[in-house]
2 protein chains.
Amino acid sequence: MGEGHVRTAACIAVGSELLEEDRLDTNSLTVTRVLLEHGVRVVEKRVVGDDEEVVSGAIRELMARVDLVVVTGGLGPTADDVTREAVARALGVELVHDPAVEAWIRARYAEFGREMPEVCTSMAMVVPGARVLRNARGSAPGILVERDGAILAVFPGVPREMERMLREDLVPLLEERGGGRRRLRRTLLVSGLVESEVEDRIRHLYGRYGRENVTILAAQGLVRLVLHAEGTPEEAAARLDEMERAFREGLGDHVAGVDVDGLAEVVLGLLRGRGQGLATAESCTGGLLGAMLTEVPGSSDVFRGGVVSYSNESKETLLGVSHATLMEHGAVSEPVARAMAEGARSVLGCDWGIGITGIAGPGGGTPEKPVGLVHWAVAGPEGTVHRSRIFPGSRSFIRRWVANAALDLLRRMASGAEVP
Amino acid sequence: MGEGHVRTAACIAVGSELLEEDRLDTNSLTVTRVLLEHGVRVVEKRVVGDDEEVVSGAIRELMARVDLVVVTGGLGPTADDVTREAVARALGVELVHDPAVEAWIRARYAEFGREMPEVCTSMAMVVPGARVLRNARGSAPGILVERDGAILAVFPGVPREMERMLREDLVPLLEERGGGRRRLRRTLLVSGLVESEVEDRIRHLYGRYGRENVTILAAQGLVRLVLHAEGTPEEAAARLDEMERAFREGLGDHVAGVDVDGLAEVVLGLLRGRGQGLATAESCTGGLLGAMLTEVPGSSDVFRGGVVSYSNESKETLLGVSHATLMEHGAVSEPVARAMAEGARSVLGCDWGIGITGIAGPGGGTPEKPVGLVHWAVAGPEGTVHRSRIFPGSRSFIRRWVANAALDLLRRMASGAEVP
């Protein structure tokens, strides 16, 4: 293979099923991420059906425009798998049978105690001059070939087979071509600010670090600030350290974590470090907060349990919220949120308790207590803090947002950060 | 516009941000679904950056191959919005300024008490001969034009603006061209069978109804069987009735519901009809089952609440599971699952109680009780039924699967279906 620097790429996902109304090509996200790490930018993505002419046309056209074309899918043995033929046609060559590849495929089947179906001989047809990529997680071989300065990489559509070949076969080639340059990323999890507020605080840094190296993603009341830096791995890491410091200056203790999945992971880590336990009392979130906490492996050493008090009765029986408080203030109120948090903490014998009560909608709102109104409270060793807000958006959105708001309140209380 | 029948379509999503590692073009799913309802099949999808030459090339190439090209995005007023220019270039025409469109855009801004920024005059540049689609939910106009028998529809990228134009401006045209023909869908929610078992039971019907009219989707221990039928709306509905009967014959009471979001909706509807209440006791699912139930609006008239008993202590204190049982059998065992279900039922005073306890992993497994082992039980008016299984897969997958398995057990018990 040649020596050209690889800067741009295109993805082609092959498979009529990927054009159905319920399916998306997600392989391209993995490809995009891995290529970006090596400084290669995906500039076009296509999803095409099992049509040899369309696939070969797409390959030809894109190889003329970008440095690397990654094709996924259509490498199986059945009649609707047309990718091998399409590659040959795009390159103007004829497929040839390779006995060594066939022997390898037979051996793969034998490993699992099965005989290779005869139809699988089609997978032993190879593109002359191309590298045959052995599939460590399946039987369909991949293809790696270069023509007129453009690389063509063809992987099976099964995500784990695809990802393995991508990392084991393509990445080493990109590393060689890139002269050891990498594009690394680091993600700051930001809480308590909306997207535009984050942007206002960091915009002045765009010029210094490049607009294309900063991505802001908002979801469920949280913002993820993704920073990128290029260079040797050491240079890129040092640059990311510098960027992190600079962005943290503008964001202060709104930065809840770095390279974490979510606030649950942050809070669990914080309490684990102090040997403290956590309990929850959920009304409108109905168990969602517990589910978010327990989605994190190993959460059981911090999270002791919780109560989903979806009725007034259960707030009384399980959490000890007084009947009088419920009657006087209603289930969605500050006193009830406080009593739920304190009840969870005391019933489960923990250092920390979270209480959430609200109206997630779409029904159940009144002029006084509209849909979206949520009260939450965190009870801790030094007392209970309550907050409330009317959240906009759908039921699902409101529930996720308030679960994150409650986790963030706990994070701030437990870490001594300002509680806004 | 002409009279050609519209059968095939392609989607082009314009926007460099859609090529990032965290973003997918989901507008194409809405387009695919709506077009399918009118018998139009999407045969190719592309995502391209804000590059006028690439966008115009894609439009030209696809208009030569399909009956309808739908472009989304790139219609805003800023310099990186190139779609209008690309359309003009693809059609070989020059954009012209339309004072009426500009007046309309100014009026849109005025409605919100704002003055139109001067940069927005670019949105009043129109394609000669094309219909300008007024945007009821934003300010960027869309474009609808026909050339050499192919339709080109161009919508803003904002999903709600896009969907409105799709339904209000494009669908009437497709209805006119389709002579009132529609392609309707109906989804059977199937529980207790894996994908291949469903396929074995229904494969003999492919010939009668067409392989392309049956889609099987598997997720989280459930299978969705999507049936399609074409014709006038009445014909298609009658055909779907017939198909539903035929497929139900093979699937029996594994069919849990029709056109429902999930099992939670089915179970809530079933218990609501009988005026019965439900409580949950969750260990390894940590609140996920409660979250699934309460994601359904109006669930509070059936779901009274639950306990997340993530520690042994909480199983004793909150659910009354006996210390001896926990010591003798361990937390992940049949007696504990039964005691949890019965405890939830009695503590919350409900007709039905669900108990789930297991090892979701990745840690915590032993040779005797491996990762994936889950016990679940449903306590009802006529007694308690227990099941257990070692589920394969990730923590997240195991948790979702067992939550659905428990809901299905309750569905079967409450509806008098066989409990396998």
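In what follows, chains carry the letters A, B, and so on, assigned in the order in which the sequence lines appear, proteins first and then strands, with residues in each chain numbered from 1.
With A:Arg395 contributing its side chain and B:Glu295 its backbone, the two residues share a donor-acceptor pair below 3.5 Å. Side-chain atoms of B:Arg399 come within 3.5 Å of backbone atoms of A:Thr294 as a donor-acceptor pair (strictly under, hydrogens ignored).
The candidate from A:Leu36, A:Val47, A:Leu293 with the greatest count of non-hydrogen atom pairs under 4.5 Å with chain B is A:Val47. Per-residue heavy-atom pair counts under 4.5 Å with chain A were compared for B:Ser309, B:Ala10, B:Gly287, and the maximum is reached by B:Gly287. Comparing A:Met292, A:Glu313, A:Arg33 by heavy-atom pairs within less than 4.5 Å of chain B, the highest count is held by A:Arg33. Most heavy-atom pairs under 4.5 Å with chain B, from the set A:Pro297, A:Ser314, A:Ala58: that is A:Pro297. In terms of non-hydrogen atom pairs under 4.5 Å with chain B, the most contact-rich of A:Ser396, A:Gly361, A:Gly306 is A:Gly306.
Remark: B:Asn312 CG to A:Ser300 OG distance equals 10.5 Å, nearest 0.5 Å. A distance of 7.5 Å separates OG of A:Ser16 from CZ of B:Arg41, quoted to the nearest 0.5 Å.
Two residues are said to be in side-chain contact when any heavy atoms from C-beta on lie closer than 4.5 Å; A:Arg46 and B:Glu44 meet this criterion. Counting heavy atoms from C-beta outward, A:Glu61 and B:Glu61 have side chains that approach closer than 4.5 Å. Between A:Leu318 and B:Val347, the closest side-chain pair of non-hydrogen atoms falls below 4.5 Å.
Heavy atoms of A:Val31 lying under 4.5 Å from chain B are absent altogether. Using a 4.5 Å cut-off between heavy atoms, A:Arg185 contacts chain B through its side chain alone, with no backbone atom that close. For a residue to count as touching a neighbouring chain, one of its non-hydrogen atoms must lie under 4.5 Å from one of that chain's; by this rule A:Val296 touches chain B with the backbone only. With a 4.5 Å cut-off on non-hydrogen atoms, A:Val43 touches chain B through its backbone but not through its side chain. With a 4.5 angstrom heavy-atom cutoff, A:Thr215 touches chain B only via side-chain atoms.
Residue B:Phe303 comes nearest to A:Tyr310 through the heavy atom pair O-CD2, 3.4 Å, listed as atom of the first residue, atom of the second, then distance.
Summarising the local packing, CZ of B:Arg400 is surrounded by more than 12 heavy atoms from other residues, nucleotides or ligands at distances under 6.0 Å. In this structure, A:Asp261 places its CG atom where only 12 or fewer heavy-atom neighbours from other residues, nucleotides or ligands lie under 6.0 Å away. Environment of CD in A:Glu53: sparse, with no more than 12 heavy atoms of neighbouring residues, nucleotides or ligands closer than 6.0 Å.
Contact annotation for residues 18-27 of chain B against chain A (heavy-atom separation below 4.5 Å, listed by residue number): B:Leu18, B:Leu19, B:Glu20, B:Glu21, B:Asp22, B:Arg23, B:Leu24, B:Asp25, B:Thr26. Residues of residues 278-286 of chain B having a heavy atom under 4.5 Å from any heavy atom of chain A, listed by number: B:Thr285, B:Gly286.
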